[in-house]
Amino acid sequence: MSIAETRVPTKKIGNKDTVTFTDNASGKSVDFPVMDGTVGPRVVDIRKLYGEMDMFTYDPGYTSTGSCESKITYIDGDKGELLYRGYPIEQLAEKSDFLEVAYLLLKGELPDAAEKAKFVKDITNHTMVHEQLASFLRGFRRDAHPMAIMCGLVGALSAFYHDSTDINDPRQRMIASYRMIAKMPTMAAMAYKYSTGQPLVYPMNKLGYAENFLRMTFSVPCEEYDINPVMATAMDKIFILHADHEQNASTSTVRLAGSSGANPFACIAAGIASLWGPAHGGANEAVLKMLNEIGTKERIPEFIARAKDKNDNFRLSGFGHRVYKNFDPRATVLRATCHEVLEQLGDARDEPLLELAMELEHIALNDQYFIDRKLYPNVDFYSGIILKAMGFPTSMFTVLFAIARTVGWVAQWNEMIEDPDQKIGRPRQLYTGVMRRDYPASKKR
Ligand code: SDX
């Protein structure tokens, strides 16, 4: 049975264009309303498809499926454009700071001076975690991957903050959102310190968000820690670039978990788990491992060949994107930041890594396989080089991504709960298993 779908609207429902699905087998035709966004592809509202035509759509990986309506982030993959509440990412990266961007993503507008000061104060006053969380930490082996620790610590927050888990109370939702944004750097630094055997460092309220995180991560009690402004600026910019990205895998995970009414801390823990995958946020760690494995420019052709070989599941980490079929604008900003940071912070050993990355980018972008598939460097391709130069171990790269993306996750989670169209997410399937059969006695199997 096939559906011939005419793209041109055949008639209107009210003032809405429609798309008509015609089932050639039964001859049945049904009109479905088309919805327009502010910008970007229109959507066909197929919510009545199953009831009207006894059919599901089939879209593994949701390559052509809009899961929700959102006002937060817009991506134009062909243009390589990324807007947070309408503002281009490159302008925010250059002119704003992470907490101002967090306010923008959460509330929809940039704050005035008083609003910003209050928001920064509110976030800062939530940076400490319950002292018993440190003992929870000690249940992990010292060599536990910090993302595993973050899944545990963030999930455990729901055991500590019962006063902000009622998702139907807007005030509690905002308190939980502020707590998540404020405490992620503290827990991330705890995970890092625990892996080094160094003592945990408490947040210092007089410091900015990125500065506080760097001090909790790299300072030791036996000496003063001077914040390096280049590092703090680079850290803040990296957080801005990673803050939100429409309905990516981890954000969709947070929305799906939240659609069941789960508490916000559990939803963010689910998002962290999804982000960890090497096809998603884990790619920045994978890029560094790949560059170190390639080692020299002479070996690049060998790895390009492997990336093209369908019998080899190797993929070029940091390349390609479900949405961007042009440069990822975040990669463009990070590529420039790379040079700044390496000049200021990186030791000479990191230069070859950057040169290797740029040579790999050059070769790949001139290779027909990558050109045909519109595979460009993405946000993860350069971030790892900067983070390594800043002194982070590769195992912490995705944790830093999670700190930043928590802002997007809580903004999207709040939007989902406030959406009157929202209901529990429950996709269907195409069943191709065996038909009904009776249980056989063991001697008959
Ligand atoms: C992030 O969604 C987001 O917004 C994510 C993110 C965010 O901010 O939240 O932007 C962050 O996750 C960035 C992506 C990081 N991942 C990587 O760098 C891992 C390497 N990239 C690939 O695994 C891949 O490109 C994905 C997962 C990113 C996208 O995969 P798609 O959209 O499912 O594309 P696909 O697998 O269908 O690939 C299309 C073709 C295939 O070849 P053909 O079957 O058509 O011959 O391109 C090929 C793929 O084999 N391909 C690659 C490739 N990526 C795609 N070939 C070699 N190397 C690659 N990196």
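Both counts, for ligands and for their atoms, begin at 1 and track the order of listing. On a predicted model such as this, the values are computed, not experimentally measured, just so you know.
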Side chains of Gln429 and Tyr58, donor plus acceptor under 3.5 Å: no
Heavy-atom protein neighbour under 4.0 angstrom from atom 12 (O) of ligand 1: yes
Heavy-atom nearest neighbour in the protein, as seen from atom 27 (C) of ligand 1, with distance rounded to 0.1 Å: Ala279 O, 3.9 Å
Subset of ligand 1 atoms that lie under 4.0 Å from at least one heavy atom of Gly318: 17 (C), 18 (O)
Arg306 bridged to Asp312 by N-O distance under 4.0 Å: yes
SB check Asp112 Lys118 (cutoff 4.0 Å): no
Any Pro278 heavy atom less than 4.0 Å to ligand 1: yes
Electrostatic pair Glu211-Arg215, nearest N-O below 4.0 angstrom: no
N or O pair under 3.5 Å between Lys325 and ligand 1: no
Check: Ser195/Asp143 side-chain N/O donor and acceptor closer than 3.5 Å: no
Heavy atom of protein closer than 4.0 angstrom to atom 9 (O) of ligand 1: yes
Heavy atom of Phe314, distance to ligand 1 below 4.0 Å: no
Salt-bridge contact Glu418-Arg173 (side-chain N to carboxylate O under 4.0 Å): yes
Short side-chain to backbone donor-acceptor contact, Ser70 and Ile72, under 3.5 Å: yes
Polar atom proximity, Ala283 to ligand 1 (N or O, under 3.5 Å): no
Under-4.0 Å heavy-atom contact with ligand 1, by part of Asn378 that carries it: side chain
Exercise: do Ser317 and Asp380 side chains pair donor with acceptor under 3.5 Å: no
Side chain, backbone, both or neither: the part of Phe381 lying under 4.0 Å from ligand 1 by heavy atom: neither
Protein contact of atom 58 (N) of ligand 1 - nearest heavy atom, named by residue and atom, plus distance: Leu316 N, 3.1 Å
Minimum-distance protein heavy atom relative to atom 28 (C) of ligand 1: Gly320 O, 3.7 Å
N or O contact, Asp328 vs ligand 1, cut-off under 3.5 Å: no
Donor-acceptor side-chain pairing of Asp59 and Thr63 below 3.5 angstrom: yes
Residue and atom name of the nearest protein heavy atom (relative to atom 56 (N) of ligand 1), distance in Å to one decimal: Tyr369 OH, 3.1 Å
Closest protein heavy atom to atom 2 (O) of ligand 1, given as residue, atom name and distance to 0.1 Å: Asn248 CB, 3.4 Å
contact_flag Arg405 ligand 1 heavy-atom lt 4.0 Å: yes
Under 3.5 Å: N/O of Leu375 near N/O of ligand 1: no
The one among His321, Glu246, Arg373 that brings a heavy atom closest to atom 3 (C) of ligand 1: His321
Tyr103 six-ring face occupied by Lys107 cation (under 6.0 Å, within 45°): yes
Heteroatom proximity flag, Ser317 to ligand 1, N/O under 3.5 Å: no
Short N-O contact, Arg330 and Asp328, less than 4.0 angstrom: yes
Under 3.5 Å: N/O of Phe319 near N/O of ligand 1: yes
Nitrogen or oxygen of Phe370 less than 3.5 angstrom from that of ligand 1: no
Proximal ligand 1 atoms for Lys310, defined as those under 4.0 Å from one of its heavy atoms: 42 (O), 43 (P), 44 (O), 46 (O), 50 (O)
Student check: side-chain heavy atoms of Tyr74 and Glu246 closer than 4.5 Å: no
Protein heavy atom at shortest distance from atom 15 (C) of ligand 1: Asp380 OD2, 3.3 Å
Glu94 and Lys237 ion-paired at < 4.0 Å: no
Under-4.0 Å heavy-atom contact with ligand 1, by part of Ala286 that carries it: neither
Closest to atom 23 (O) of ligand 1 among Arg315, His242, His280, Arg306 (heavy-atom distance): Arg315
Those atoms of ligand 1 less than 4.0 Å from some heavy atom in Arg322: 29 (C), 31 (P), 32 (O), 33 (O)
Residue pair Gln412 / His245, side-chain donor-acceptor N/O under 3.5 Å: no
Distance-only donor-acceptor check, side chains Asn248 and Thr251, under 3.5 Å: yes
Contact bool for atom 39 (C) of ligand 1 (protein heavy atom, d < 4.0 Å): no
For atom 4 (O) of ligand 1, closest protein heavy-atom neighbour: His245 ND1, 2.6 Å
Heavy-atom pair with the smallest gap, counting every atom of Trp276 and Thr398: CA-CG2, 4.2 Å
